[in-house]
Amino acid sequence: MEIPKQYDSRQSEQDHYARWEAEGCFKPEANRDPEAPVFSIAIPPPNVTGNLHLGHALQHTLMDILARHKRMSGYKTLWLPGTDHAGISTQLMVTRQLKGEGLTPQDLGREKFIERVWQWKREYGGVITNQMRREGASVDWSRERFTMDAGLSRAVREVFVRLYEAGFIYRGDRMVNWDTVAQTVLSDLEVEKKTQKGKLTYLRYPVTGSDGQEFIVVATTRPETMLGDTAVAVNADDERYKNLIGKTIDLPLTGRQVPIIADEYVDPTFGTGAVKITPAHDPNDYEIGERHNLPHIVIMDKHAHMTEAAGADFVGLDRFEAREKVITRFDELGLLEKNEDYEFAISLSERSKVPIEPLVMTQWFCRMDAMRDKALNLMRDEGLPRFTPENPYGKVYTEWLENLRDWTISRQLWWGHQIPAWFAEDGRVFVARTYEEAQAQAGTDKLTQDPDVLDTWFSSALWSFSTLGFPDDTEDLRTFHPTSVLVTARDIVFLWVSRMVMTSLEFLDEPPFRDVFITGTVLDKNGQRMSKTKGNGVDPLDVFDKYGVDATRLVLANAGATDTRWSDTQVESYRNFANKIWNAARFCLMNSEGATIGYDFVRHKNELTLHDRWCVTRLNKVAGQVNDSLSRYQFHEAVYALYHFFWDDFCDWYIELSKRDVSAPEDSPARREAVSRALSILEVALRLLHPFMPYITEDLWRRLPGTLDAGSTVLHPAYSDSQPTIMLTAFPVADKLLIDEAAESEMNTVIELISRVRTIRAELNIKPSEQLTVIVGAQDANLRQVISTNEASIKRLARASELKVDERLDAPRASARAVLGGGAEVAVPLEGLIDFEKERARLSREMEKLSGEAERGKAQLTNPNFAGRAPQEKVDELKAKVADTEQRIAGLKIMVEALG
RNA sequence: GCUCGCUUAACUCAGUGGUAGAGUGUCCGCUUCACACGCGGGAAGUCGUAGGUUCAAAUCCUACAGCGAGCACCA
């Protein structure tokens, strides 16, 4: 046979993906059953500038498992791929590229710049999608979407116009988060809080008319903003300041007098109980300013440089330089009370990592209250979307929605969806789907479009339906929406998940998905988040190269919703598993002449060996478990069940026991039958494994005899006119006719007997080549029957030349002994090898252990409370267990006596 | 500050109201005709601490400790 001894994952990863794609296996149209149920997933579109990381690989693996499982189960399955235009990061990236050529975006102008971004996208935008092919992702590439393509842009304009017309979208002046590096406004969700060590500076403000004798002291982390103060606020109930309310202070360095006002916001117990108010540069101060009609003095520009309003001494300074200078000046004036160390939370731009500057600006906003309420109702009335894991996501989702504020949707960028609003020369604004429509509305062609673009998440919020053809009423939209499940990372539950729910309810009157699965986070081996800055990231492609895609997928499937520390040893163990699968198949194939798959275990029920019946039972139970686990998104359960079925049941027992028949004479029917059965079980196992390990299963499946024959394939009926591929076979389900409980318990007896003998061998250091005599004593006739019937199996795996079975254990004194369940006893005569003392000690130790168990069991049984209150089933269970244990103890006692 | 999660064998993690499991590692023995990325056998855990509920708690409840996450933050 030309099959190599070791599985080469790279080889099989090369061969199959292109064919699957070319033959249309990923397309829902492959399913020809008009009645087929539908399963659809919209991919969380990765950032087009990005490279694949393990977080993507995790999400994609889980989605692919679900998609392949449903597809094989006969669902018309669509997994729709695509990428996101990622406004800020893409623009920054291309800007950086230009910088290398000594150019700025302004040098190019808007149009040329955007062209340049598209050029960049054409060149590098395919990186991540090609990496997805390597993962084996069964997405329908013919439906790939990009948030900036024509269809999605149209959906964005449509939604914007409708929301504007409904009064949800408005343009207005409000305090916003300004990113001084990216030069754009950001939404609240794009701002991250970080605790930072800094200074809390206490400034003395002289009360007007007190001749520098009376001060009010304020504390601040941003002393430079004092240049824009227009009030000092105190709490009306604060005795210390009550008499000052209504007076003014002389604001140092500015020559201004500003009022002392009373506001509830001020906490008298914190700091000095007096707060400087800078309405133009602080969100809280802004609110207070609104309440008291305070003037705004803008002392900082969009680059965080001081303006002329800050005074001649400060104009042009950076905010941090200004801070130092203010402190110095106060010190010089004797107005610096103190400057103490302080830890506080600072707002940083998620993207630029620089402190956010709160500024009052004219921006576009979206009112969220009405849409929010629909989403909250959906959760309250129908419990949708259903989050897995339920905690904490169901709760934080709801809480976040309840506290939702208006959404800043405009961005001062060039790359993105330009806002469909046009201004006339007189300042009037016209919102329309097209320029022509705006012209018609305005009655003039002297219109300028708003230069701003929309938040990238505005287009992402439409992703579940814009990708399917919205606003047109397409067949795809009718067929595949709502999608079945969303699989995504936890950091975008608010940013994306909640917004998709709101827009979908608003525009389609239905949720975008019923289920949301939130994946865990892949951490480094020390439990740290992987990040570029820390340099602790693991590149999935390296892992694929080293261990194979299939092995990597198993690690990720096993992680599921749980945070997981990445370790090579885990991938390695699954790489070994893949090799195990390879070699099990290799064994079957090496003997496959004249054999075929598709053995009918029901029809040949009476010809089967015990291990056949047992393995088929296990196989069907595992099929049931896998289906059940996947329906609950418990990926790790499915992986566990498959791993242990394949390795322990199929390889360690079934194949080992099949070897006797498989090594029968070449052309004997017994041999062909045995190999056909093994091949058939293997074939079903490969199908069960396929969603998890697509490459190795396809590779091996194609080598099995009979799989590629048009007449005898096991393709799912819905795909009967497709080319044979394991992808389109029927996913196995548990077949009651093939579950044989008696076979399981009989096989357990055989396994226990063999294991006991093996243990004796190992403990007494008997050479594997030594053939033993095994003597069994059992009162139970059925037990004797089972053992006799499987004599050949037992002899083979216990390496025994002789097996004697009788009602009583009749063995020479010089024997090693052990007890089995059901009152059976086993002895292995070992003349000259038995150290009677040691043997007695060994048996006594065993006896002690069992005695302890029996004692505890009996104590429980005699406890009237237990007998009275525990369910009968549990009582019976324990009774049986104690009886068996006592039987074993009795057996051991006799054995010790037999040693003399 | 609030909310949530985690704490089980040396390591990484499953798990369940009824006498503790896996993988890796470790120890012993193996060129057993698919596989040394393997085969057979073994050792190894007061299931974070303290209470409570229960016939029975590692599992449910309460408090505490440690770790982590999210949200909100007071100048």
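In what follows, chains are A, B, ... by sequence order, proteins preceding strands, each numbered from 1.
Between His636(A) and the phosphate of rA22(B), there is no side-chain N or O to OP1/OP2 separation shorter than 4.0 Å. Between Thr759(A) and rG42(B) there is a side-chain N or O to OP1 or OP2 distance below 4.0 Å. Applying the 4.0 Å criterion to OP1 and OP2 of rC13(B), one finds that Arg565(A) has a side-chain N or O inside that range. In terms of phosphate contacts, Lys395(A) brings no side-chain nitrogen or oxygen within less than 4.0 Å of OP1 or OP2 of rU3(B). The phosphate of rC4(B) (OP1 or OP2) has no side-chain N or O of Asn391(A) nearer than 4.0 angstrom. Proximity of Tyr342(A) to the phosphate of rA75(B): a side-chain N or O atom is located under 4.0 Å from OP1 or OP2. Taking 4.0 angstrom as the limit, Thr569(A) places none of its side-chain polar atoms (N or O) nearer than this to OP1 or OP2 of rC11(B).
Counting non-hydrogen atoms of other residues, nucleotides and ligands closer than 6.0 Å to CD of Glu593(A) gives a total of 12 or fewer.
Between Asp563(A) atom CG and rG70(B) atom P there is a gap of 10 Å when expressed in whole angstrom units. Distance, Glu637(A) CD to rG23(B) P: 18 Å, rounded to whole Å. Between Lys194(A) atom NZ and rA69(B) atom P the separation is 13 Å, expressed in whole Å. For the pair Lys874(A) NZ and rU19(B) C1', the computed distance is 12 Å after rounding to whole Å. When rounded to the nearest whole Å, the span between CZ of Arg856(A) and P of rA56(B) equals 16 Å. Rounded to whole Å, the distance from CG on Asp491(A) to C1' on rG70(B) is 11 Å. Across the protein-nucleic acid pair, Asp238(A) atom CG and rA75(B) atom C1' stand 14 Å apart, rounded to whole Å. Summarising the geometry, the separation between CD on Glu192(A) and C1' on rA72(B) is reported as 16 Å, rounded to the nearest angstrom.
Rounding to the nearest 0.5 Å gives a distance of 7.5 Å between CD1 of Ile581(A) and CG of Leu686(A). With values rounded to the nearest 0.5 angstrom, Arg565(A) atom CZ is found 11.0 Å from Lys525(A) atom NZ. Note: Asp524(A) CG to Asn536(A) CG = 4.5 Å, rounded to the nearest 0.5 Å. The OH atom of Tyr643(A) sits 5.0 Å away from atom OG of Ser573(A), with the distance rounded to the nearest 0.5 Å.
The residue from Arg319(A), Arg323(A), His281(A) that alone fulfils the side-chain hydrogen bond (donor to acceptor under 3.5 Å, both in side chains) condition with Glu224(A) is Arg323(A).
Val493(A) comes within 4.0 angstrom of no nucleic acid atom, judged by non-hydrogen atoms across all strands. Within the nucleic acid shown, Asp267(A) comes within 4.0 Å of at least one base atom, counting heavy atoms only. When heavy atoms are screened at a 4.0 angstrom cut-off, Thr269(A) is found touching no nucleic acid atom at all. Nucleic acid contact for Thr272(A): none, since no nucleic acid atom lies under 4.0 Å from a heavy atom of the residue. Residue contacts for Pro864(A): at a heavy-atom cut-off of 4.0 Å it reaches no nucleic acid atom on any strand shown. At the heavy-atom level, Arg799(A) lies under 4.0 Å from base atoms of the strands shown. Within the 4.0 angstrom heavy-atom criterion, base atoms lie near Gln860(A). Across all strands, Tyr640(A) comes closer than 4.0 Å only to sugar-phosphate atoms, never to a base (heavy-atom distances). As judged by a 4.0 angstrom heavy-atom cut-off over every strand, Asp282(A) is placed among residues making no nucleic acid contact.
If you take atom C1' in rC64(B) and the same atom in rG18(B), they sit 29 Å apart, rounded to whole Å. Taking atom C1' on both nucleotides, rA57(B) is separated from rU53(B) by 10 Å, rounded to a whole Å. To the nearest whole angstrom, the two P atoms, one in rG51(B) and one in rA10(B), are 24 Å apart.
For Phe494(A), the side-chain atoms get nearest to rG70(B) when compared with the rest of rA75(B), rC33(B), rG70(B). For His644(A), taking side-chain heavy atoms from C-beta onward, the closest of the listed nucleotides rC74(B), rA75(B), rG23(B) is rG23(B). Nearest nucleotide to the Glu853(A) side chain, out of rG18(B), rU19(B), rA75(B): rU19(B). When each of rA75(B), rC73(B), rG18(B) is scored by its nearest atom to the side-chain atoms of Thr195(A), the top-ranked nucleotide is rC73(B).
Cation-pi contact between Lys395(A) and Phe387(A): absent, since separation from the ring centre below 6.0 Å together with deviation from the ring axis within 45° is not met.
Phe215(A) has its ring centre no less than 6.0 Å from the ring centre of Tyr205(A). The distance between the ring centers of Tyr640(A) and His636(A) does not fall below 6.0 angstrom.
Side-chain contact between Leu797(A) and Leu657(A) is present, with at least one heavy-atom pair separated by less than 4.5 Å. Between Thr220(A) and Leu200(A), every side-chain heavy-atom pair lies at or beyond the 4.5 Å cut-off.
RNA chain B contains the following stems of three or more consecutive Watson-Crick or G-U pairs, with both distances under 3.5 Å: B:1-7 with B:65-71, B:10-13 with B:21-24, B:26-30 with B:38-42, B:48-52 with B:60-64.
Comparing Leu523(A) and Phe270(A) against RNA chain B, the residue whose closest nucleotide sits nearer the 5' end is Leu523(A).
Arg490(A) has a carboxylate O that lies under 4.0 Å from a charged side-chain N of Asp563(A), or vice versa, which qualifies the two as a salt bridge.
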Distances under 3.5 Å only, N/O to N/O: pair up the protein atoms with those of nucleotides 35-39 of chain B.
unit_1	atom_1	unit_2	atom_2	d
rC35(B)	O4'	Asn583(A)	OD1	2.8
rC35(B)	O4'	Asn583(A)	ND2	3.4
rC35(B)	O2'	Asn579(A)	ND2	3.2
rC35(B)	O2	Lys580(A)	NZ	3.0
rC35(B)	N3	Lys580(A)	NZ	2.7
rC37(B)	O4'	Asn576(A)	OD1	2.8
rC37(B)	O2'	Asn579(A)	ND2	2.9
rC37(B)	O2	Arg575(A)	NE	3.0
rC37(B)	O2	Asn576(A)	OD1	3.3
rC37(B)	N4	Gln6(A)	OE1	2.1
rC37(B)	N4	Gln6(A)	NE2	3.3
rG38(B)	OP1	Asn576(A)	ND2	3.2
rG38(B)	O3'	Lys580(A)	NZ	3.1
rC39(B)	OP1	Lys580(A)	NZ	2.7
rC39(B)	OP1	Trp647(A)	NE1	2.6

